[in-house]
A.B. asks: 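First, the structure itself, so that you have it in front of you.
This one's a predicted model, so the numbers in the text were calculated from it and none came from an experiment. A note on names: the letters A, B, ... follow the listed sequences, proteins ahead of strands, and every chain is numbered from 1. Side chains are part of it too, since the values below use all heavy atoms of this structure and drop only hydrogens, waters and symmetry mates.
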Amino acid sequence: MGGDAQTGGPDHRFGKARRLLNASDYSRVFDCAEARASHKHVLLLARRNDKPGHRLGLVVAKKNVRQAVQRNRVKRLTREVFRQVPQQGPFLDVVVLARRGIDQLDNAQLSSMLREQWRKLAQRVSTPNPSTSQER
RNA sequence: CGAGUCGAUCAGGCGAUCGCUCCCGGUCGUGUUUCACGGCCGCGGGGAGGAAAGUCCGGGCUCCAUAGGGCAGGGUGCCAGGUAACACCUGGGGGGCGCGAGCCUACGGAAAGUGCAACAGAAAGUAUACCGCCCGGCCACCCAGUGGUCGGGUAAGGGUGAAAUGGUGCGGUAAGAGCGCACCGCGCGGCUGGCAACAGGCGCGGCGAUGGUAAACCCCACCCGGAGCAAGACCAAAUAGGAAUCCAGACGCUGUGGCCCGCAGUGGAUUCGGGUAGGUCGCUACAGGCAGGCGGCGACGCCUGUCGCAGAUGAAUGAUCGUCCUCGACAGAACCCGGCUUAUCGAUCGACUCACUCU
RNA sequence: UGGGGUGUCGCCAAGCGGCAAGGCACCGGGUUUUGAUCCCGGCAUUCGCAGGUUCGAAUCCUGCCACCCCAG
């Protein structure tokens with residue numbers, strides 16, 4: 001459906017084609033994560049998709065980030081970082097889970113941390129690690 | 001100029017680039033034309049709050065009967081008004097705080113009943129008499145008097161306690177006592193003002209009666225049916241059709257508040273097997289905002305004009321850069337309103353009070 | 001988002017107007033050659049926080065705070 005959208009549209013868009021939309025999309029990633037990147041404040045899970053671009057899903061639990069303002073801030077920044085990621089390589093479905101204490105970071109710290117985690121994730125997918133695929 | 005009281009408003013601004021969502025317009029594609037869905041485009045419009053929060057009250061809305069009767073349970077609690085309603089607001093009264101502007105106030109009933117008050121204390125509620133005080137009889141002595149003992153009168157004083165049976169003063173008395181008087185308090189009666197709460201003043205009662213506690217049970221007056229948009233409705237598909245066991249056989253069972261009645265419907269429960277968990281509506285236009293006029297002390301009401309002001313559904317307001325200043329607090333809509341409560345860097349405006357100085 | 005519940009010592013908790021039980025743990029002492037067991041004694045508990053009612057509040061009332069559970 002979005003075949004000509006990808007060729008005609010610019011690189012840094014973030015419409016519904018770039019997001020995980022329902023529970024089945026999420027459970028597909030959770031049930032069979034091909035790669036993961038863990039950090040003190042965040043956990044990324046990823047799986048290859050057959051779509052013409054990366055797709056992002058967010059899990060920011062109320063238990064981990066208490067205030068609604070802080071949850072919104074974390075999600076906005078994560079989307080912003082993801083939006084600026086180049087659309088190339090094997091396309092992934094990624095779920096970002098926030099952990100406790102992530103709301104203590106300021107905007108600059110948060111976005112540089114997320115860029116770093118994305119870089120690690122992309123590396124692991126391009127050179128498949130036998131240990132990670134064995135985990136599931 | 002300093003200190004303070006009350007009320008109202010605002011909640012970083014501007015520019016550039018990239019990005020999200022809804023609406024509008026255009027265009028392309030798909031399906032069967034109207035039309036629907038999806039993609040893209042537009043120097044096109046809209047896009048969090050005063051608390052959006054806590055969920056503490058009150059309503060609308062939806063389903064259960066159109067929410068009906070009784071019990072139970074809960075709430076409110078000086079008076080009058082406002083309101084859709086309220087535990088809110090306005091005005092007034094009583095009480096308390098402040099020099100004042102003002103602020104605070106769960107503020108009905110204890111002579112309907114039941115209960116409670118540890119410890120201390122004589123006594124904690126149909127009062128009582130420990131130490132005292134006073135009088136009389138008898139006994140002793142150093143015979144005015146003092147001490148002991150018995151009988152009586154007292155509740156002024158002491159001591160205990162959170163609280164001790166009106167308070168203060170004068171008279172009175174053997175000592176005392178509302179025993180008498182004055183003022184205050186309390187109760188009763190009627191009068192004046194006020195819609196009322198209540199206030200004022202008058203007369204009567206000697207007050208052995210009527211202590212406290214109702215955020216103890218309770219009484220009185222008034223109010224409250226239950227659940228919640230994950231309510232609920234619709235579309236495609238499905239709930240079909242089956243099998244087994246158990247219970248009941250219509251004073252039974254089910255239907256959303258705990259029970260009874262009433263009302264409506266009708267066999268019910270469990271297991272096996274089978275199937276679905278996609279979308280649309282509800283979803284923002286109303287107790288609506290602003291301006292003006294009129295009525296009212298005011299809350300508010302009425303009339304006229306004008307404005308269109310989030311509506312997502314894995315869930316939208318952001319990021320980066322520049323610039324200015326006072327350097328930006330608390331904090332993010334999820335059905336919607338009216339309040340209350342709590343969090344909060346500050347800024348501005350208005351009204352008023354007190355102190356000092358000057359004129 | 002809605003509904004419901006719980007906060008008492010380090011842990012588990014009873015108490016529901018008048019001194020806050022008890023057990024485990026911990027500390028000190030005794031018993032024992034030593035340890036365990038056993039015995040005795042101790043625990044600085046703002047009773048989640050702040051107001052109020054009462055003579056008196058862990059207990060009653062009001063407002064906050066934290067944590068937990070249930071419903072897609």
A.B. asks: Taking pairing as Watson-Crick or G-U wobble with both contacts under 3.5 Å, can you name the mate of B/G322, or confirm there isn't one?
C.D. replies: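 By the stated definition (distances under 3.5 Å), B/C14 pairs with B/G322.
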A.B. asks: Taking side-chain contact (heavy atoms from CB on, under 4.5 Å) as the definition, give me every residue that meets it alongside A/Glu80, ordered by chain and number, with sequence neighbours left out.
C.D. replies: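 Partners of A/Glu80 under the side-chain contact (heavy atoms from CB on, under 4.5 Å) test: A/Arg83, A/Gln84.
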A.B. asks: Can you pull out every side chain to side chain donor-acceptor pair (under 3.5 Å) where at least one residue sits in residues 59-69 of chain A? Sequence neighbours excluded, please.
C.D. replies: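 Every pair satisfying side chain to side chain donor-acceptor pair (under 3.5 Å) with a residue in residues 59-69 of chain A: there are none.
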A.B. asks: Counting C-beta onward and ignoring hydrogens, is there a side-chain heavy-atom pair between A/Lys75 and A/Asn72 closer than 4.5 Å?
C.D. replies: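 They are in side-chain contact.
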A.B. asks: Strictly by Watson-Crick or wobble contacts shorter than 3.5 Å, is anything paired with B/U245, and which nucleotide is it?
C.D. replies: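 Its partner is B/A269.
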A.B. asks: Would you grab the first and last nucleotide of RNA chain C (5' to 3') that comes under 4.0 Å of any non-hydrogen atom in chain A?
C.D. replies: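 Reading along RNA chain C, I get C/U1 to C/C67.
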A.B. asks: Output yes when a side-chain donor or acceptor of A/Gln117 lies under 3.5 Å from a complementary backbone atom of A/Leu114, and no otherwise.
C.D. replies: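 No, because the side chain of A/Gln117 does not come within donor-acceptor range (under 3.5 Å) of the backbone of A/Leu114.
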A.B. asks: Using heavy atoms and a sub-4.0 Å distance, could you list which residues of residues 93-106 of chain A are near RNA chain B? By number, please.
C.D. replies: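 Those residues whose heavy atoms fall under 4.0 Å from RNA chain B, taken from residues 93-106 of chain A, amount to none.
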A.B. asks: I need the CG-C1' distance between A/Leu114 and B/G318, as an integer number of Å.
C.D. replies: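 From A/Leu114 CG to B/G318 C1': 15 Å.
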A.B. asks: Starting at CG of A/Leu56 and ending at P of B/G314, how long is that distance when rounded to a whole Å?
C.D. replies: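 After rounding, the reported distance stands at 14 Å.
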A.B. asks: Does B/C327 have a Watson-Crick or wobble partner in any strand here, with both distances under 3.5 angstrom, and which is it?
C.D. replies: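 Its partner: none found.
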A.B. asks: With A/Leu77, which residues qualify under side-chain contact (heavy atoms from CB on, under 4.5 Å), at least two apart?
C.D. replies: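 So A/Leu77 forms a side-chain contact (heavy atoms from CB on, under 4.5 Å) with A/Arg73, A/Asn107, A/Leu110.
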A.B. asks: Round to a whole Å and report the spacing from CG of A/Leu110 to C1' of B/G318.
C.D. replies: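 Atom-to-atom, A/Leu110 to B/G318, this comes out as 13 Å.
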A.B. asks: Show each protein N/O and nucleotides 342-346 of chain B N/O combination with a separation under 3.5 Å, one pair to a line.
C.D. replies:
none

A.B. asks: Strictly by Watson-Crick or wobble contacts shorter than 3.5 Å, is anything paired with B/C142, and which nucleotide is it?
C.D. replies: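 Result: none.
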A.B. asks: From the list B/G19, B/G332, B/U320, which nucleotide is the closest neighbour of the side chain of A/Arg76?
C.D. replies: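 Nearest to the side chain of A/Arg76 among the choices is B/G332.
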A.B. asks: With rounding to whole Å, what would you report as the distance between B/U270 and B/U254 at their P atoms?
C.D. replies: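 Each nucleotide's P atom is 12 Å from the other's.
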A.B. asks: Please classify the nucleic acid contact of A/Leu58 as base, sugar-phosphate, or nothing, using heavy-atom distances under 4.0 Å.
C.D. replies: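 A/Leu58: base contact, heavy atoms under 4.0 Å.
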A.B. asks: State the syn/anti category of B/C309 according to its glycosidic angle, syn meaning within 90° of 0.
C.D. replies: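 B/C309: syn glycosidic orientation.
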A.B. asks: Tell me which pairs pass ring-ring contact (aromatic ring centres under 6.0 Å, His included) where either residue lies in residues 55-75 of chain A, with sequence neighbours left out.
C.D. replies: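 Not a single pair qualifies under ring-ring contact (aromatic ring centres under 6.0 Å, His included).
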A.B. asks: Going by the glycosidic torsion and a 90 degree boundary from 0, is the base of B/G185 oriented syn or anti?
C.D. replies: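 Anti, angle beyond 90° from zero.
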A.B. asks: Using O4'-C1'-N9-C4 for purines and O4'-C1'-N1-C2 for pyrimidines, with syn meaning within 90° of 0, is B/U284 syn or anti?
C.D. replies: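 Here the answer is syn: the torsion falls within 90° of 0.
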A.B. asks: Do you know the tightest heavy-atom contact between A/His54 and A/Val85?
C.D. replies: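 Smallest interatomic distance, heavy atoms only, reads CD2-CG1, 4.2 Å.
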A.B. asks: Mind checking the C1' distance from B/C260 to B/G225? Whole angstroms is fine.
C.D. replies: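 One C1' to the other, the span is 15 Å.
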A.B. asks: If you assign A/Ser111 and A/Arg79 each to the RNA chain B nucleotide with the nearest heavy atom, which residue ends up on the more 5' nucleotide?
C.D. replies: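 Of the two residues, A/Arg79 wins.
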A.B. asks: For B/A310, does the glycosidic angle fall within 90° of 0 (syn) or outside that (anti)?
C.D. replies: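 Here B/A310 takes the anti form, which means its glycosidic angle is more than 90° from 0.
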A.B. asks: Identify the nucleotide, in any strand shown, that forms a Watson-Crick or G-U wobble pair with B/G292, with both distances under 3.5 Å; if there is none, say none.
C.D. replies: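 In the structure as shown, B/G292 has B/C303 as its Watson-Crick or wobble partner.
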A.B. asks: Whole angstrom is fine here: how far is it from CZ in A/Phe82 over to C1' in B/G318?
C.D. replies: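 Value for this atom pair: 16 Å.
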A.B. asks: What are the two closest non-hydrogen atoms of A/Leu20 and A/Tyr26, and how far apart are they?
C.D. replies: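 A/Leu20 and A/Tyr26 have their closest heavy atoms at CB-CE1, 3.6 Å.
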A.B. asks: Can you name the closest pair of heavy atoms from A/His41 and A/Ile102 and give their distance?
C.D. replies: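 Between these two residues, the closest heavy atoms are O-CD1, 3.4 Å.
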A.B. asks: Looking at residues 59-73 of chain A, who's got a heavy atom less than 4.0 Å off RNA chain C?
C.D. replies: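 The stretch gives A/Lys62, A/Arg66 as the residues lying under 4.0 Å from the strand, ordered by number.
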A.B. asks: Please name all residues satisfying ring-ring contact (aromatic ring centres under 6.0 Å, His included) with A/Phe82, sequence neighbours left out, ordered by chain then number.
C.D. replies: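 Counting only residues at least two positions away or on another chain, A/Phe82 forms a ring-ring contact (aromatic ring centres under 6.0 Å, His included) with A/Phe14, A/Trp118.
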A.B. asks: Can you check the distance between B/A238 and B/G70, where both ends of the measurement are the C1' atom (answer in whole Å)?
C.D. replies: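 45 Å, rounded to whole Å.
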A.B. asks: Looking at B/C116, which nucleotide sits across from it as a Watson-Crick or G-U wobble partner, both distances under 3.5 angstrom, or is there none?
C.D. replies: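 Pairing partner, where one exists within any strand: B/G212.
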A.B. asks: Ignoring hydrogens, what is the shortest heavy-atom contact between A/Arg48 and A/Pro90? Give both atom names and the distance.
C.D. replies: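 The answer is NH1-CB, 3.6 Å.
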A.B. asks: For residues 91-105 of chain A, which residue pairs qualify under side chain to side chain donor-acceptor pair (under 3.5 Å), counting only residues two or more places apart or in two chains?
C.D. replies: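 Found A/Arg28-A/Asp93, A/Ser38-A/Arg99, A/Asn49-A/Asp93, A/Arg55-A/Asp93.
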A.B. asks: Going by the rule side-chain contact (heavy atoms from CB on, under 4.5 Å), which residues pair with A/Val69 if we only count those two or more places apart in sequence or in a different chain?
C.D. replies: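 With neighbours one apart ignored, the set is empty.
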A.B. asks: Can you find a side chain N or O atom of A/Arg19 that sits less than 4.0 Å from OP1 or OP2 on B/A315?
C.D. replies: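 Yes, A/Arg19 has a side-chain N/O under 4.0 Å of OP1/OP2 on B/A315.
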A.B. asks: Write down the distance separating the P atoms in B/G255 and B/G278, rounded off to the nearest Å.
C.D. replies: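 Going atom to atom, P in each nucleotide, I get 29 Å.
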A.B. asks: Whom does B/C340 pair with, Watson-Crick or G-U wobble, provided both distances fall under 3.5 Å?
C.D. replies: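 Pairing partner: B/G54.
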A.B. asks: Just call it for A/Phe14: base, sugar-phosphate, or nothing, with non-hydrogen atoms closer than 4.0 Å on any strand.
C.D. replies: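 Sugar-phosphate, backbone atoms only, no base.
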A.B. asks: Taking syn as within 90° of 0 and anti otherwise, name the glycosidic form of B/U34.
C.D. replies: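 What B/U34 shows is an anti base, its glycosidic angle lying more than 90° from 0.
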A.B. asks: Quick one: CZ on A/Arg79 to CG on A/Leu58, what's the gap to the nearest 0.5 Å?
C.D. replies: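 If I round to the nearest 0.5 Å, the distance is 5.5 Å.
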A.B. asks: Which value, in whole Å, describes the distance between the C1' atoms of nucleotides C/C16 and C/C61?
C.D. replies: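 Each nucleotide's C1' atom is 15 Å from the other's.
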A.B. asks: Looking at B/U348, which nucleotide sits across from it as a Watson-Crick or G-U wobble partner, both distances under 3.5 angstrom, or is there none?
C.D. replies: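 The answer is B/A8, by the H-bond criterion.
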A.B. asks: Roughly how far apart, to the nearest Å, are B/C202 and B/A209 at atom P?
C.D. replies: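 Between the two P atoms, the distance is 29 Å.
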A.B. asks: Mind checking salt bridge (charged side-chain N to carboxylate O under 4.0 Å, His left out) for A/Arg115 and listing every partner two or more places apart, or none if nothing turns up?
C.D. replies: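 Not a single residue meets the salt bridge (charged side-chain N to carboxylate O under 4.0 Å, His left out) criterion with A/Arg115.
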A.B. asks: What's the CG-P distance between A/Leu20 and B/U313, to the nearest Å?
C.D. replies: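 After rounding, the reported distance stands at 15 Å.
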A.B. asks: What is the distance from NZ of A/Lys75 to P of B/A316, rounded to the nearest Å?
C.D. replies: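 Rounded to whole Å, this separation is 5 Å.
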A.B. asks: So, for A/Thr78 and A/Val74, which heavy atoms are closest and what is the spacing to 0.1 Å?
C.D. replies: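 Of all heavy-atom pairs spanning A/Thr78 and A/Val74, the closest is OG1-O, 2.6 Å.
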A.B. asks: Kindly give the heavy-atom pair with the smallest separation between A/Leu121 and A/Ala46, and that separation in Å.
C.D. replies: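 A/Leu121 and A/Ala46 have their closest heavy atoms at CD2-CB, 3.6 Å.
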A.B. asks: With rounding to whole Å, what would you report as the distance between B/C99 and B/C217 at their P atoms?
C.D. replies: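 Result for the P pair: 40 Å, nearest Å.
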A.B. asks: Between B/G205 and B/C183, how far apart are the P atoms? Round to whole Å, please.
C.D. replies: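 Straight-line distance between the two P atoms is 14 Å.
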